[in-house]
Number of protein chains: 2
Amino acid sequence: MSNLRDLPPGGVLYKDVKRRVLQALADGEFKPGEAIPSEKKLVERFGVSIGTLRKAIDELVAENLLIRHQGRGTFVAMHRRDDHFFRFFKVAHEDGHRGYPTVQQKSFRRIKADKAACALLGLESGERVFHFTNVLSLDERPVMIDDIMLPERLFPGLTETQLRERPNTLYNFYQDAFGVNVIQTEERLRAVLATETEAGLIGVDVGAPLIRIHRVAFSFHRLPVEWRVSTLDTAHHEFIVSQMPKEDS
Amino acid sequence: MSNLRDLPPGGVLYKDVKRRVLQALADGEFKPGEAIPSEKKLVERFGVSIGTLRKAIDELVAENLLIRHQGRGTFVAMHRRDDHFFRFFKVAHEDGHRGYPTVQQKSFRRIKADKAACALLGLESGERVFHFTNVLSLDERPVMIDDIMLPERLFPGLTETQLRERPNTLYNFYQDAFGVNVIQTEERLRAVLATETEAGLIGVDVGAPLIRIHRVAFSFHRLPVEWRVSTLDTAHHEFIVSQMPKEDS
DNA sequence: TTACATTTGTTCGTATGTATA
DNA sequence: TTATACATACGAACAAATGTA
């Protein structure tokens, strides 16, 4: 009853299973919002035991790529207006209240990527990007300017109207319309003084202190998919960072 | 061979095991840096199977409270100058380099907690706190002021000398000298203009833009143990936030 | 309402592999 | 070499949630 180990090719078996599920996600075989095959079917497909499969799925659930529902199935995570949204939107009112922002689109252009954009998004010099500017408001007050760059290669044919009429969040739109999944971000924050342009857009005095946030968003395999420069007025709002153990203690 | 379920009291068994291990941590039975009993011994102690025990320990490892070493044992996490340190220190040079800061202690007092401190630290009005100010330097340049408040109740008899002569990081010192484990933080960031005092301490002009960080640090059961107000000069440094899946993808 | 099939969640236990002292 | 400890892989049995007939 002791099978010889037959399948540790490059490493361990459950990591390999995880890799293959991840590939199915990246390929679009398993689509956001839809259920992936049941554990039993995946066990047959990959030829591993239920325990090994579960260990692979466990990690993908821990990374917020899959969501399990007892009795229903396992689903590919989406960026809808629920728990997921606030994973990337970290602005709250000074009284602690966190609400959904309203978005006003100020501009939309297709331009040549500059040096910084090429470096951060991994583009060849000369490649095109879409550049658009949003002003976000909370409680009827403008609080943040978002300057967003998207590689044309990943968002072919993107139009201003599409963006303006998207039903959900931006990251959900990327997912639905272009199959681009944002699963990770890196942000760098600095304090700056408001320029005239910024002062006009969010209604503060020139020279008011603001937080400037440089964010690069990544998809699978750490592929950069968005570069965003946000400028936040913290007169009545705050930028929130929690360093938390994942679960209830 | 089918045992009747005998131990789901309030919930599930492995959560109960996790709770009991957590209690041993909070009680100081399992001490930072030391190994906890082996899986086999814990299985006997809690009367569960190895799989159930592992599931409980898995979660505590995922929460960075325990660290497993194959062949050696499972250890209580410490705040030493290693991977752990940068979980709470999020300042990097603008070129991306992350180094250890040097600390200069500017003041140390024992005072009555003000209203804000009482609210954030969960103290009765009139309780005492230790208040001290540090200036942190990176690459020989002062970049951050830390104003720190500690409840006297949790740090009885703390002295300026103890603090000044601690060998490791502050959070490691809390752990070694007072059994206070910082496992979670919450931070709120705003942009401000440098006051005269701040300008003097970190060598910037009055009115320069700075980032102000309010941080509350928590121990087990979300007990607040430290309140800290940091003021960061971002002329040549940045505050880093990563929203990451935990592991290699 | 009930019964049933499907799917994930929990618990159990065994055997073997790998790292450490 | 040997003993110990954690890591991986296997799979059985039952519990709980869900959807449907």
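Residue numbers start from 1 in every chain, and the chains themselves are labelled A, B, ... in the order their sequence lines are given, proteins ahead of strands. None of the values given here were measured: they were computed from a predicted structure.
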- Whole-Å gap separating C1' (D:dA15) and OH (B:Tyr14): 14 Å
- Query: Looking at B:Arg68, does any N or O in its side chain come under 4.0 Å of the phosphate oxygens OP1/OP2 on D:dA7?
  - Reply: yes
- In whole angstrom, what separates B:Phe75's CZ from C:dA19's C1'? 12 Å
- Item | Cationic N near anionic O, under 4.0 Å, B:Arg222 to B:Glu186 | yes
- Query: Can you check whether B:Val241 reaches B:Glu187 side chain to side chain, under 4.5 Å on heavy atoms?
  - Reply: no
- For A:Lys55 and D:dC6, give me the distance from atom NZ to atom C1', rounded to whole Å. 10 Å
- Item | Gap between atoms NZ and P, on B:Lys15 and D:dA15 respectively (whole Å) | 21 Å
- Message: Quick one, B:Lys90 and A:Gln243 - any side-chain contact, counting heavy atoms below 4.5 Å?
- Response: yes
- Message: Under 4.0 Å from OP1 or OP2 of D:dC10: is there any side-chain N or O of A:Thr52 that close?
- Response: yes
Tabulate protein N/O versus nucleotide N/O from nucleotides 1-7 of chain C, keeping only pairs under 3.5 Å, one per line.
unit_1, atom_1, unit_2, atom_2, d
C:dT7, O2, A:Gly71, N, 3.2

- Round to a whole Å and report the spacing from CD1 of A:Ile50 to P of C:dT14. 21 Å
- Atom-to-atom span, CG of A:Asp58 to C1' of C:dT8 - whole angstrom: 11 Å
- Query: How would you list, by chain and number, every residue that makes a side-chain hydrogen bond (donor to acceptor under 3.5 Å, both in side chains) with B:Glu94, sequence neighbours excluded?
  - Reply: A:Arg190, B:His236
- Take the protein atom CZ of A:Arg54 and the nucleotide atom P of C:dT10, then report the distance between them rounded to whole Å. 7 Å
- Message: Exactly one of A:Phe173, A:Phe130, A:Phe132, A:Phe178 should register a ring pair (Phe, Tyr, Trp, His ring centres under 6.0 Å) with A:Phe155. Which one does?
- Response: A:Phe178
- Query: Got a salt bridge between B:Asp16 and B:Arg19, using NZ or NE/NH1/NH2 to carboxylate O under 4.0 Å?
  - Reply: yes
- From CG of A:Leu60 across to C1' of C:dT8 the rounded distance in Å is 16 Å
